[in-house]
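Following: one structure in structure tokens, then a few remarks.
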Amino acid sequence: MLFNSIEFLIFFPIVLLIYFVIPQKAKNLWLLAASYYFYMCWNAKYIVLLLFSTLVTYMGGLCMEMVKQSRCTPAHKTAYKKLIVAGSFVLNLLLLFYFKYINFALDVLGRLLGAVHIEMNVPAFDIILPVGISFYIFQALSYTMDVYRDEIYAEKNFFRYALFVSFFPQLVAGPIERSKNLLKQFSVHKKFDAAMARDGLLLMLWGYFLKLVIADRCAVLVNTVYGDFAAYHGFQIITANVLFAFQIYCDFMGYSIIATGAARVLGFRLMNNFEQPYLAQSVKQFWRRWHISLSSWLRDYLYIPLGGNRKGRLKKYRNLLITFLVSGLWHGANITFVIWGGLHGIYQICEELAAPYVDRCYKRFQIDTGNFSWRCIRIVKTFILTDIAWVFFRADTPMAALRILKRSAELTNSGLLLTGGLYELGLDEKNIAILLIALAALLFSSLIKESGRDTLEWLRRQSIVFRFVLYWGAVILITLSLDITGQEFIYFQF
Amino acid sequence: MKKILGLAMKGICVMLPMILIWAYTWMNPLGFMTDGTPFDLWNKEKTNTKQEKYYEAVFLGDSTANAAYVPEVLSDASINLSLGSITPMEAYYILQDWIEHNEAPKTCYISFLDYHMKDTGTFWIRTMYTHRFRMDQNLEMLKEILKYGEGTSIETDHYVTDFIAYELRLPNKYITSLMNAGFNQRYEENVKARALSALHGGRYIARGTQEYETSKVIKFKNFEVHPLFDRYYRRLIELCMEHDIQVRLVKLPLPENEKFTENYKEEFGNYYDRLKEDYPDITVDWIPTYKQEYFADRNHVNSHGALRFSREMKARYPEDFTAELTPSQIEALNDSIADENQPEQIIQWASGKDYTLFFQDTSGKFASVYGELLKSNSYTAKKIRLEKANVYCAAATDSGGEREILVQEKKDKILIKQNDQEIRTWEKGSDGLLKVMVIDNYNNKVVCEKSFEYMGETFCLIQ
């Protein structure tokens with residue numbers, strides 16, 4: 001069930017209404033049933049996978065709790081706990097590997113063997129990638145790790161835990177929640193909170209705006225160009241690349257915000273998944289602002305366990321590269337995602353290696369790096385770097401990505417914006433105008449947030465007339481965008 | 001509770017623009033909708049209301065049928081209920097609607113292109129879009145599609161949401177039209193189209209004289225009927241049987257460049273033989289191909305083709321059609337004549353009706369080109385010699401033949417008078433032209449005046 005579908009517009013009010021009407025004891029059970037139904041709308045059979053992952057991690061948590069309370073020696077306790085964590089990880093990652101990576105692995109293996117003239121004739125598995133599998137498995141594994149690290153107690157109530165893994169607003173595309181934040185919220189008595197509901201609904205409106213008005217509109221132009229990139233060059237491809245950056249941002253952030261809003265209406269607070277990533281002044285900063293729930297997961301459960309930055313520079317870079325390669329692989333079973341992740345790793349290593357020299361230059365030329373123009377330059381630089389990486393993310397093959405980059409360098413059509421050539425890329429004048437207005441709104445909201453203010457709070461302080469101008473503007477633009485929707489959220493495939 | 005209500009009110013206020021747009025799509029479909037909407041709505045209105053007069057013949061089918069059957073030529077007691085893009089499925093409900101509100105006709109002509117017996121993609125974007133049918137009918141169609149529609153393009157995974165969206169007229173299904181049309185920008189155009197459809201007894205497709213040109217030969221190798229449409233074809237026949245309606249299945253003519261292989265003919269024959277075995281009372285006609293000039297495109301006859309086809313059907317089944325002409329039929333005829341671009345077509349449209357045709361010929365070719373045609377269409381023609389031109393007065397009926405016609409030359413004008421009608425003045429044509437004036441004697445009015453130039457072996461309209 002997509003957030004931008006009629007099913008969800010029917011499903012959500014029903015869930016909401018019943019949730020606040022039924023007794024406290026039944027609330028979690030109702031949400032669990034609704035969440036499982038939400039997932040089953042996509043493919044009923046694959047609910048077994050969700051249940052399996054939930055059971056394994058739930059049992060793992062309980063076992064660890066039993067070990068903690070047993071009379072074993074601390075060394076034994078640690079060994080048993082490690083064994084349980086390993087078991088939980090292996091089972092879950094095997095599941096993920098089989099459903100997401102087996103064909104990719106076979107393909108890579110086939111190519112490698114082919115290189116040494118060994119033929120491997122294993123037919124590809126006919127598997128449908130279960131929606132959201134990477135999200136809920138990572139969420140479940142974070143729980144296992146948190147129990148292992150004694151950061152939380154194991155949850156004894158299976159239904160509550162199952163709800164934590166399957167909570168429908170964030171089940172299929174995150175944010176990948178942490179047990180420390182979400183699980184405990186299911187123990188708190190919930191009653192209707194009008195202020196939270198209002199904020200949640202406003203967040204949902206903003207999420208729909210990002211998805212329908214910006215992301216889906218960008219998608220039209222991006223799909224046109226990427227669908228036949230050999231026919232385009234220069235600024236046409238550059239425009240498509242820039243718009244893809246906004247497409248994926250607004251698509252994913254739109255989903256996260258709708259999820260956050262839906263959870264807020266129900267009385268839950270989900271973690272923030274984005275912090276104006278395109279206002280980042282370095283790639284390192286970008287990753288502190290982009291898909292925060294995944295990047296922090298990888299930091300806490302991969303980068304730090306690998307040694308982080310504690311074991312020397314070389315190992316730090318190795319860990320960084322591994323983390324970003326895994327991040328790329330998490331996004332999809334394709335070499336293009338791995339390259340995308342790898343590029344981000346390399347960017348950060350380069351940034352760090354170059355930092356002392358750059359600082360020396362600043363000092364020598366007495367450049368005030370804190371001033372506005374210099375900040376803008378760094379923002380643009382970071383955007384260009386991430387946008388180059390997005391080409392690999394969006395292209396079907398690495399070769400295609402390289403050809404797209406090559407064609408984008410053929411800058412012979414600089415008059416594109418003046419001659420109306422832009423309107424030949426799938427979006428007419430009217431739609432380009434709507435897109436520009438929407439992007440201006442996005443920039444405006446990003447600047448408010450960047451200044452440290454809460455957007456909802458800022459909105460509340462405005463006059464009712466101004467607020468309604470904004471609301472109605474958003475609603476009108478959403479309505480006018482309904483004809484170009486129907487696109488799935490990009491992050492569903494991960 | 002107060003807080004919930006307050007929030008709900010605020011929510012409604014925020015969503016007001018969308019609600020208003022939604023309300024507009026309900027209230028003023030003609031203001032923005034396209035794609036046959038006015039015709040579908042006319043059809044809906046007509047079939048869902050009790051008509052003042054009795055219709056003996058009903059024509060059902062897709063756009064090709066809509067283009068081919070001309071009620072003003074066939075009979076005033078006939079109506080063309082065909083709609084563009086529909087299949088036997090929709091046709092069944094159109095007839096159902098008609099029978100529910102009107103006395104069953106004596107005859108039902110059913111014609112579909114092969115394409116619409118095999119597949120269609122227009123259930124969602126046409127049938128549902130225009131709200132031609134009631135919700136219970138749509139639901140029944142959907143049920144049948146899910147049961148029998150496998151392999152057709154109307155079978156979709158999103159049928160529940162699409163169904164809800166169309167039934168509730170949600171903006172996601174209408175916003176494109178609304179954006180393209182703007183508020184109320186299509187209203188006048190749609191109202192005009194609906195009126196024209198009403199004038200011509202439901203016929204609205206390819207009502208023009210454009211001609212199809214191609215040298216490409218198209219071969220039909222197979223004749224297939226999808227189970228879904230076979231089911232509805234049979235239901236349609238059974239519905240007719242139940243109400244003692246004579247069913248005439250007519251395969252409409254196609255352009256000459258479209259050929260049928262032996263295999264096609266065999267499969268076609270087998271299918272219709274089976275139908276005839278199951279329903280012995282039906283008649284099946286396969287009208288052979290026409291020249292390309294009778295077509296507006298590869299499937300639809302133009303006005304000339306429609307006139308030819310309708311006259312042929314009338315000659316083939318005279319018992320199905322009354323000869324009596326009514327004022328509304330004459331209105332429609334006048335409109336068709338006024339649209340014409342060939343003198344021979346004008347002669348054929350007016351044939352057998354009380355019209356007088358005046359031909360002012362300065363080319364000297366009229367008699368050789370149209371003399372035979374006038375005779376074969378039972379016109380009584382009279383030649384009046386003027387100084388520079390010949391005026392031929394052709395009366396299309398016997399009663400016209402008895403009419404006293406006076407033609408006088410006065411300087412650069414010609415004066416015409418019929419019996420006690422007023423004197424009409426007619427500009428003299430320049431050399432080499434053929435001028436035509438058509439007088440509708442029922443209403444005593446000039447239908448049109450046109451000038452033609454002799455080019456090669458025929459006369460062409462001067463724009």
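Throughout, a chain's letter reflects where its sequence line sits, starting with A, and its residues are numbered from 1.
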message = Below 4.5 Å, heavy-atom pairs only: which of A:Ile10, A:Ile6, A:Leu202 has the largest tally toward chain B?
response =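 Most heavy-atom pairs within the cutoff with chain B belong to A:Ile6.
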key: Ring centre gap for B:Phe229 and B:Tyr148 strictly below 6.0 Å   = no
key: Set of residues satisfying salt bridge (Lys or Arg N to Asp or Glu O under 4.0 Å) with respect to B:Glu150, sequence neighbours excluded   =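 Scan of B:Glu150 (salt bridge (Lys or Arg N to Asp or Glu O under 4.0 Å), adjacent residues dropped) gives none.
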key: Pi-cation contact, B:Trp26 with B:Arg169 (under 6.0 Å, within 45°)   =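 Positive - B:Arg169 is close enough to the ring of B:Trp26 and near enough to its axis.
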message = Please classify the contact of B:Leu170 with chain A as side chain, backbone, both or neither, using a heavy-atom distance under 4.5 Å.
response = side chain
query = Parallel, tilted or perpendicular: which fits the ring planes of B:Trp124 and B:Tyr166, with parallel below 30° and perpendicular above 60°?
reply =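 Rings of B:Trp124 and B:Tyr166: parallel, as their planes differ by under 30°.
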query = Side chain, backbone, both or neither: which part of A:Leu9 has an atom under 4.5 Å from a heavy atom of chain B?
reply =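 For A:Leu9, there is no contact with chain B at all, as no heavy atom is under 4.5 Å.
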